[in-house]
Amino acid sequence: MSYEALATQLKVLADPSRLEIIDLLSCGELCACDILTHFEFSQPTLSHHMKALVACGLVKARKEGNRQMYQLNQARFDIVDDALRQLHRSDDECICKNIKGGTC
């Protein structure tokens, strides 16, 4: 994952309400109405947050009748987790080794 792609994912996650939504969805799939009962903001505000989470691929959405259902995209979270771990490498893999005369 590129630095730009990782930064985009982290920007979406940098909102406290979105982190709380992610925490709720970690228990399993929920409909928007169930997520909304947990917050004191409006349905349009929830839609804004969900749109951002879905657009960056961290959450999957599907329609079930007249309900909008959401679930975590675990594969995307694994990619973000791996990318973050790459930033914190061992000395043998450190990016500064690629800089002329660089040492860690």
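These numbers come from a predicted model, not from an experiment.
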Q: Test side chain to side chain contact (heavy atoms under 4.5 Å, CB included) on Arg18 and His48 and set out the steps.
A: CA-CA 10 Å; Arg18 292 183 192 143; His48 169 77; 3.4 Å; yes
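- Closest approach of Phe39 to Ser17, counting heavy atoms only: CZ-O, 3.9 Å.
- Annotation: the span from Leu53 atom CG to Asn73 atom CG amounts to 11.5 Å, rounded to 0.5 Å.
- Here the CE-CG distance, from Met1 to Leu87, works out to 11.0 Å after rounding to the nearest 0.5 Å.
- Applying the side-chain hydrogen bond (donor to acceptor under 3.5 Å, both in side chains) rule to Asp23 yields no partners; only residues at least two apart in sequence or on another chain are considered.
- When side chains are defined from C-beta on, Ile22 counts as touching Phe77, because their heavy atoms get closer than 4.5 Å.
- When atom types are taken as modelled, the side chain of Arg67 and the backbone of Cys33 share no donor-acceptor pair closer than 3.5 angstrom.
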Q) Passes side-chain hydrogen bond (donor to acceptor under 3.5 Å, both in side chains), Gln86 versus Asp82? Steps please. A) CA-CA 6 Å; Gln86 288 293 319; Asp82 288 344; over 6 Å; no
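- Counting only residues at least two apart or on different chains, no salt bridge (charged side-chain N to carboxylate O under 4.0 Å, His left out) pair has a member in residues 2-16.
- Looking at every heavy atom in both residues, Val54 comes nearest to Ala61 through CG2-CB, 4.0 Å.
- The distance from the CG atom of Leu24 to the CG atom of Leu72 is 10.0 Å, given to the nearest 0.5 Å.
- Legend: salt bridge (charged side-chain N to carboxylate O under 4.0 Å, His left out) pairs involving residues 29-58, not counting sequence neighbours, sorted by first then second residue: Glu29-Arg62.
- Across every non-hydrogen atom of Met50 and Val59, the tightest pair is CE-CG1, 4.1 Å.
- At a threshold of 4.5 Å between non-hydrogen side-chain atoms, the residues Lys63 and Met69 do not count as touching.
- Here the closest non-hydrogen pair linking Leu46 and Ala32 is CD2-O, 3.4 Å.
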